[in-house]
Amino acid sequence: MKKSLFSIALFIGFLFPAFLSAQDIIVKKDGKEIRAKIIELGVAEVKYHKFDQPDGPVYAEEKENIQKIIFQDGHTEFYGAARMDEATAFEGQKKGALKISFLGPLLGYTNILYERNIKPGRSYEFKASIIGLGKETGENPRGFIGSAAYKFYKKPDFYAANFKRTHILQGGYFKPELFLGSTSYDGWEYNSSGQGTQKRISNVAGGFLLNVGKQWVVDNAFVFDMAFGLGYGAGTSTRAIYVWSDNNVGLAASVTMNIGLTTK
């Protein structure tokens with residue numbers, strides 16, 4: 001009799017781990033775990049039986065509330081922001097972008113930008129502003145302003161249906177930017193009696209901006225980027241980055257709308 005009881009206990013001991021592993025575990029974003037038997041993975045929700053009620057009612061949980069599901073075979077599937085810092089979530093996506101100002105040429109300048117992703121949520125960006133490359137204006141501006149920036153992307157954007165991050169370069173961002181350059185334009189110089197003489201005015205402009213913007217990437221190929229920046233600057237620039245300082249420290253601002261292509 002004792003031998004029979006021992007054999008039964010041993011059999012249950014072997015069976016118990018397999019019993020536990022046969023369940024799916026739904027981990028919600030608030031940390032709560034649901035032990036379940038999943039019967040359907042829908043576009044927007046997951047349907048399941050409670051594990052201890054396999055013939056009971058069918059429950060549904062919105063995917064937007066789920067962090068991950070650990071399936072009975074050990075496979076784990078992530079949802080929502082659970083993978084926002086995992087580079088593997090963006091495999092196969094291009095991590096660079098070459099962009100050009102969309103409306104700049106109509107205002108007398110052209111911006112050329114290159115952005116490179118470092119890791120999810122972080123990129124660096126360089127910009128060359130060629131003043132005078134565009135429609136001629138009355139001031140006949142000429143010059144060059146270079147800038148370097150670091151982009152902090154906010155929580156990644158997801159498609160509402162399948163919660164897949166659209167692209168590693170897509171989303172709203174905050175971008176500190178340093179700039180320095182030299183500009184010249186036709187202006188007037190006035191003497192003490194108020195008489196003006198037209199002359200070529202040259203100066204150096206530099207400073208920093210704090211930008212906020214958003215970037216979209218379509219089909220891992222096309223880029224559209226919009227941003228607004230405000231900060232401090234010295235010198236004078238009336239194109240690309242606008243600096244109003246009269247050669248003292250003053251206000252600097254920029255509005256950008258860029259289009260481009262992704263690069264490897």
Asker: Is the backbone of G56 close enough, under 3.5 Å, to the side chain of H49 for a donor and an acceptor to pair up by distance?
Answerer: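 It does hold such a pair.
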Asker: I'd like to know if the side chain of D219 and the backbone of A221 have a donor-acceptor N/O pair within less than 3.5 Å.
Answerer: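 Pair absent, no side-chain N/O of D219 close to backbone of A221.
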Asker: Between I69 and L41, is any pair of side-chain heavy atoms under 4.5 Å apart?
Answerer: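 Heavy-atom side-chain distance check passes, below 4.5 Å.
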Asker: Nearest 0.5 angstrom please: F228 CZ to L210 CG, how far?
Answerer: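 It is 10.5 Å, given to the nearest 0.5 Å.
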Asker: CG of N258 to CD of E125: how many Å apart, nearest 0.5 Å?
Answerer: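 Reported value, rounded in 0.5 Å steps: 7.5 Å.
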Asker: Just verifying a value: how many Å separate I112 CD1 and K99 NZ, rounded to the nearest 0.5 Å?
Answerer: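 If we round to the nearest 0.5 Å, I112:CD1 and K99:NZ are 13.0 Å apart.
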Asker: Does K47, at its NZ atom, have more than 12 non-hydrogen atoms belonging to other residues, nucleotides or ligands within less than 6.0 Å?
Answerer: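 Open.
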Asker: Return the minimal non-hydrogen interatomic distance between L169 and S123, and the atom names on each side.
Answerer: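 L169 and S123 have their closest heavy atoms at CD2-OG, 3.8 Å.
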Asker: Short question: side chain of T183, backbone of T236 - any donor-acceptor pair under 3.5 Å?
Answerer: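 Pair found, side chain donor or acceptor close to backbone of T236.
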Asker: Taking a hydrophobic cluster as the set of Ile, Leu, Val, Met, Phe, Trp and Tyr residues connected by side-chain heavy atoms closer than 4.5 Å, whether directly or through intermediates, do L106 and M257 fall within one such cluster?
Answerer: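 Yes, because L106 and M257 connect within a single hydrophobic cluster, where side-chain heavy atoms sit under 4.5 Å apart.
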Asker: Please report the interatomic distance CD(E33) to CD(Q67), rounded to the nearest 0.5 Å.
Answerer: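 Between E33 CD and Q67 CD, I get 9.5 Å after rounding to 0.5 Å.
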Asker: With side chain to side chain contact (heavy atoms under 4.5 Å, CB included) as the test, would you mind laying out the steps for L180 and V204 before giving the verdict?
Answerer: CA-CA 8 Å; L180 179 65; V204 173; 3.9 Å; yes
Asker: F208 and F179: which non-hydrogen atoms are nearest, and at how many Å?
Answerer: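 That closest heavy-atom pairing would be N-CE2, 3.5 Å.
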Asker: I'd like to check the ring pair (Phe, Tyr, Trp, His ring centres under 6.0 Å) partners of F102; sequence neighbours left out, ordered by chain and number.
Answerer: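 F102 satisfies ring pair (Phe, Tyr, Trp, His ring centres under 6.0 Å) with no other residue.
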Asker: When you measure from the side chain of Q170 to the backbone of V217, do you find a donor-acceptor pair of N or O atoms at a distance under 3.5 Å?
Answerer: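 Here the side-chain-to-backbone pair exists.
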Asker: Are Y232 and W244 connected, step by step, through hydrophobic side chains (Ile, Leu, Val, Met, Phe, Trp, Tyr) whose heavy atoms are closer than 4.5 Å?
Answerer: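 Unlinked, Y232 and W244 end up in two clusters.
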Asker: Test Q72 against K37 for side chain to side chain contact (heavy atoms under 4.5 Å, CB included), laying out the working first.
Answerer: CA-CA 9 Å; Q72 58 181 334; K37 188 68 176 178; 3.2 Å; yes
Asker: Answer whether the closest heavy-atom distance between the side chains of I100 and I259 falls below 4.5 Å.
Answerer: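 Yes, side chains in contact.
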Asker: Is the shortest heavy-atom distance from the side chain of D24 to the side chain of Y48 under 4.5 Å?
Answerer: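 No, side chains not in contact.
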Asker: What's the shortest heavy-atom distance between M226 and Y173, and which atoms?
Answerer: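 Scanning both residues completely, I find the closest heavy atoms to be O-OH, 3.6 Å.
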Asker: Do L230 and L251 have side chains that approach each other closer than 4.5 Å (heavy atoms only, starting at C-beta)?
Answerer: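 Heavy-atom side-chain distance check passes, below 4.5 Å.
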Asker: Would you indicate whether the side-chain heavy atoms of I26 and I38 approach each other to under 4.5 Å?
Answerer: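 The answer is yes; the side chains approach within 4.5 Å.
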Asker: Measure the shortest side-chain to side-chain distance between Y153 and P120 over non-hydrogen atoms and say whether it is less than 4.5 angstrom.
Answerer: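 No, too far: nothing below the 4.5 Å cut-off.
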Asker: Measure from NZ or CZ of K50 to the centre of the six-membered ring of Y59 and say whether it is under 6.0 Å with the direction within 45° of the ring axis.
Answerer: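 Yes.
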Asker: Provide the closest heavy-atom pair for S254 versus L209 in the form atom of the first, atom of the second, distance.
Answerer: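 Here S254 and L209 meet closest at OG-CD1, 3.6 Å.
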Asker: Hey, is the main chain of F51 close enough, under 3.5 Å, to the side chain of Q23 for a donor-acceptor pair?
Answerer: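 It does not hold such a pair.
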Asker: Any idea which heavy atoms bring S237 and I145 closest together, and the distance?
Answerer: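 It is OG-CD1, 3.5 Å.
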Asker: Using modelled atom types and a 3.5 Å cut-off, is there a donor and acceptor pairing between side-chain atoms of R239 and backbone atoms of L107?
Answerer: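 It does hold such a pair.
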Asker: Are Y150 and I118 packed together at the side-chain level, in the sense that at least one heavy-atom pair is separated by less than 4.5 angstrom?
Answerer: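 They are in contact (side-chain heavy atoms under 4.5 Å apart), so the answer is yes.
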Asker: Is the distance from the ring center of F222 to that of F224 below 6.0 Å?
Answerer: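 They do not qualify: ring centres at least 6.0 Å apart.
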Asker: Looking at every heavy atom in both E45 and A60, which two are closest together, and how far apart are they?
Answerer: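 So the minimum-distance heavy-atom pair works out to OE1-CB, 3.8 Å.
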Asker: Hey, does the side chain of K151 reach the backbone of N117 with a donor-acceptor pair shorter than 3.5 angstrom?
Answerer: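 Checked: no pair found.
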Asker: Using 0.5 Å steps for rounding, measure from the CD atom of E115 to the OG1 atom of T263.
Answerer: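 One finds 9.5 Å between CD of E115 and OG1 of T263.
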Asker: Find the distance between CG (N203) and OG (S245) and round it off to the nearest 0.5 Å.
Answerer: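 So the CG of N203 and the OG of S245 are separated by 7.5 Å.
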Asker: Does the pair L113 and K127 meet the rule for a side chain to side chain contact (heavy atoms under 4.5 Å, CB included), with working shown?
Answerer: CA-CA 4 Å; L113 305 92; K127 179 171 67 177; 3.7 Å; yes
Asker: Only pairs at least two apart or in different chains count here, so list each side chain to side chain donor-acceptor pair (under 3.5 Å) that has a residue in residues 100-113.
Answerer: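 Qualifying pairs, neighbours excluded: N111-S129.
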Asker: Is it true that D186 and R200 make a salt bridge, defined as a side-chain N closer than 4.0 Å to a carboxylate O?
Answerer: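 So D186 pairs with R200 through a salt bridge.
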Asker: In chain order, what residues pass the side chain to side chain donor-acceptor pair (under 3.5 Å) check against K264, with sequence neighbours excluded?
Answerer: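 For K264 there are no side chain to side chain donor-acceptor pair (under 3.5 Å) partners, ignoring immediate neighbours.
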Asker: Taking the side chain as every heavy atom from C-beta outward, state whether E177 and I241 have any pair of such atoms under 4.5 Å apart.
Answerer: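 Yes, at least one pair of side-chain atoms sits under 4.5 Å.
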Asker: Check step by step if side chain to side chain contact (heavy atoms under 4.5 Å, CB included) holds for I70 and T76.
Answerer: CA-CA 4 Å; I70 304 172; T76 301; 4.0 Å; yes
Asker: May I ask you to decide if N220's main-chain N or O and T262's side chain share a donor-acceptor pair within less than 3.5 Å?
Answerer: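 A pair under 3.5 Å: yes.
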